[in-house]
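All heavy atoms count here, side chains included; hydrogens, waters and symmetry mates do not. Numbering of ligands and ligand atoms starts at 1, following listing order.
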Amino acid sequence: MPHKTLYRDRDGAVILDQTQLPYRVAHRRLERLEDAADAIRRMQVRGAPLIGATAACGVALAMQADAGDAALAQALAVLGETRPTAVNLHWALARMRAALAALPAADRVGRAWSEFDAICAEDIATNAAIGRHGLELIGRAAARRGDRPVRVMTHCNAGWLATLGHGTALAPIYAARRAGMPLEVWVSETRPRNQGLLTSWELREDGVAHRLIADNAAGLLLARGEVDLVITGADRVAANGDTANKVGTYLKALAARDNGVPFYVAAPRSTIDLACPSGADIPIEERDGDEVRHLHGMRGGVPDAIAIASPEVAVANPAFDVTPARLISAIVTETGITPPDRLAEAAEGKAR
Ligand code: MRU
């Protein structure tokens with residue numbers, strides 16, 4: 001990873017500001033609870049595991065200002081409201097609450113930072129394990145392809161920009177590259193926030209061959225037999241295996257099934273929400289309509305936006321969709337590869 005997405009710096013933290021990518025590398029310093037909450041809301045940090053770690057950081061920053069019970073409750077509430085879909089946010093906050101609530105205020109700052117450090121270290125290890133397990137899936141496709149590159153399709157960004165380590169969906173791709181397997185990655189642009197541009201930037205930094213496509217091109221490529229497997233990340237996996245991920249994932253899963261292409265989800269166990277019975281129970285974030293009314297790019301060396309629709313145009317902007325478990329070939333977690341109907345085994349660490 002050429003850049004760190006989030007790290008501690010003296011009594012604060014620093015994030016890579018993803019709203020500036022891929023146009024320029026910029027950082028933001030987080031010093032207060034509100035800085036962390038704002039960075040999550042504005043998607044300066046994004047991707048389920050990184051959102052969770054940033055929320056944990058926000059709690060530690062809040063404790064530095066005031067480690068009392070009311071301040072702890074306030075920090076958990078403010079951060080819990082920032083983005084609704086990625087359950088890693090709520091998982092990280094629950095973990096911070098469990099670590100801090102019973103402690104005297106004087107012990108909370110040190111404990112908050114050590115819990116944050118543990119969440120980050122675990123994410124790095126988790127990503128590596130997902131990479132190892134996912135490599136097996138790419139290896140199966142490689143065996144069928146002979147000397148020809150394995151063609152992997154992904155959606156959104158579930159790489160190192162979305163985590164503390166090598167990513168989730170992209171971890172097996174990086175592992176395959178390290179293993180010397182020839183690969184080509186189809187990267188869909190992922191309107192309206194264009195996280196596919198982040199994936200393209202990441203893969204380019206790592207020298208992984210890929211082609212950027214318009215979101216609507218995915219069906220044609222799958223139908224033409226130009227994709228060997230699809231791997232995406234996840235924001236929340238319900239108990240029945242239904243999976244919320246970036247809007248557009250469901251259409252890829254449908255087209256993959258229709259064309260006999262395996263569709264895999266790669267996610268840490270912290271993304272599995274056994275308290276959520278099915279996809280219908282997953283809250284789907286609705287974001288500002290201006291994200292759809294504008295296109296973002298670079299003008300005169302500076303990131304900028306142009307309007308493509310009048311402010312009066314009514315817009316719907318659901319940020320995620322739900323792929324039903326029946327369309328998912330397997331879920332790859334740090335414990336192994338598991339069919340979605342045996343998810344509880346993965347959640348308990350018993351996957352193969
Ligand atoms: O809105 P975003 O950019 O936070 O959405 C990110 C995704 O949907 C990712 O695929 C998911 O969080 C997995 S990241 C390892």
Side-chain angles (χ1 to χ4, degrees), residues 1 5-6 15-19 21-22 39-55 82-92 119-120 122-124 126-131 134 153-174 187-199 201-202 215 230-237 243-253 263-273 282-288 291-292 296 317-323 328 331-334:
M1 291 107 48
T5 49
L6 165 67
I15 56 164
L16 181 61
D17 178 357
Q18 300 193 27
T19 61
L21 293 173
I40 296 171
R41 273 188 221 107
R42 292 172 51 196
M43 295 174 62
Q44 289 179 317
V45 285
R46 43 146 300 283
L50 183 60
I51 291 171
T54 308
T82 50
R83 293 193 73 190
T85 304
V87 75
N88 306 62
L89 172 80
H90 307 284
W91 167 86
I119 287 172
C120 295
E122 286 168 28
D123 194 47
I124 293 168
T126 294
N127 290 180
I130 290 173
M153 179 176 279
T154 190
H155 188 59
C156 192
N157 172 265
W160 62 258
L161 283 166
T163 64
L164 279 300
H166 282 97
T168 56
L170 296 194
I173 289 170
Y174 291 130
V187 177
S188 47
E189 68 180 329
T190 318
R191 273 279 287 153
R193 291 291 298 225
N194 293 335
Q195 288 93 333
L197 301 184
L198 303 179
T199 295
W201 184 74
E202 254 199 68
D215 294 321
V230 183
I231 312 182
T232 74
D235 290 86
R236 192 183 299 227
V237 183
T243 295
N245 190 50
K246 181 53 55 193
V247 70
T249 304
Y250 172 45
L251 288 175
K252 286 189 170 63
F263 178 93
Y264 300 112
V265 168
R269 286 184 296 162
S270 52
T271 306
I272 300 172
D273 184 2
I282 300 177
I284 299 295
E285 179 178 18
E286 182 73 28
R287 290 191 64 86
D288 195 304
E291 291 184 349
V292 178
H296 287 261
N317 186 16
F320 300 93
D321 61 24
V322 176
T323 299
I328 298 171
I331 297 179
V332 186
T333 70
E334 63 271 40

Item to check | Close side-chain approach of Q18 and M43, heavy atoms under 4.5 Å | outcome: no

Next on the checklist: On a heavy-atom basis, which atom in T154 and which in T232 lie closest, and how many Å separate them?
Outcome noted: OG1-CA, 4.3 Å

Checklist entry - Can you check whether C156's main-chain N or O pairs, donor with acceptor, with T190's side chain at less than 3.5 Å? => result yes

May I have every N or O pair linking ligand 1 to the protein at under 3.5 Å, one per line with atom names and distance?
from: ligand 1; atom 1: 1 (O); to: R83; atom 2: NH1; distance (Å): 3.4
from: ligand 1; atom 1: 1 (O); to: R83; atom 2: NH2; distance (Å): 2.8
from: ligand 1; atom 1: 1 (O); to: K246; atom 2: NZ; distance (Å): 2.7
from: ligand 1; atom 1: 3 (O); to: R46; atom 2: NE; distance (Å): 2.6
from: ligand 1; atom 1: 3 (O); to: R46; atom 2: NH2; distance (Å): 3.4
from: ligand 1; atom 1: 3 (O); to: Q195; atom 2: NE2; distance (Å): 2.8
from: ligand 1; atom 1: 4 (O); to: G47; atom 2: N; distance (Å): 2.9
from: ligand 1; atom 1: 4 (O); to: R83; atom 2: NH1; distance (Å): 2.9
from: ligand 1; atom 1: 8 (O); to: D235; atom 2: OD1; distance (Å): 2.7
from: ligand 1; atom 1: 8 (O); to: N245; atom 2: OD1; distance (Å): 3.2
from: ligand 1; atom 1: 8 (O); to: K246; atom 2: N; distance (Å): 3.3
from: ligand 1; atom 1: 10 (O); to: N245; atom 2: OD1; distance (Å): 2.6
from: ligand 1; atom 1: 12 (O); to: A48; atom 2: N; distance (Å): 2.9
from: ligand 1; atom 1: 12 (O); to: D235; atom 2: OD1; distance (Å): 3.3
from: ligand 1; atom 1: 12 (O); to: D235; atom 2: OD2; distance (Å): 2.8

Checklist entry - So does E189 pair up with R191, basic N to acidic O under 4.0 Å? => result no

Item to check | Donor-acceptor under 3.5 Å (T85 side chain, P283 main chain) | outcome: yes

Next on the checklist: Any heavy-atom pair between the side chains of L164 and N127 that's under 4.5 Å?
Outcome noted: no

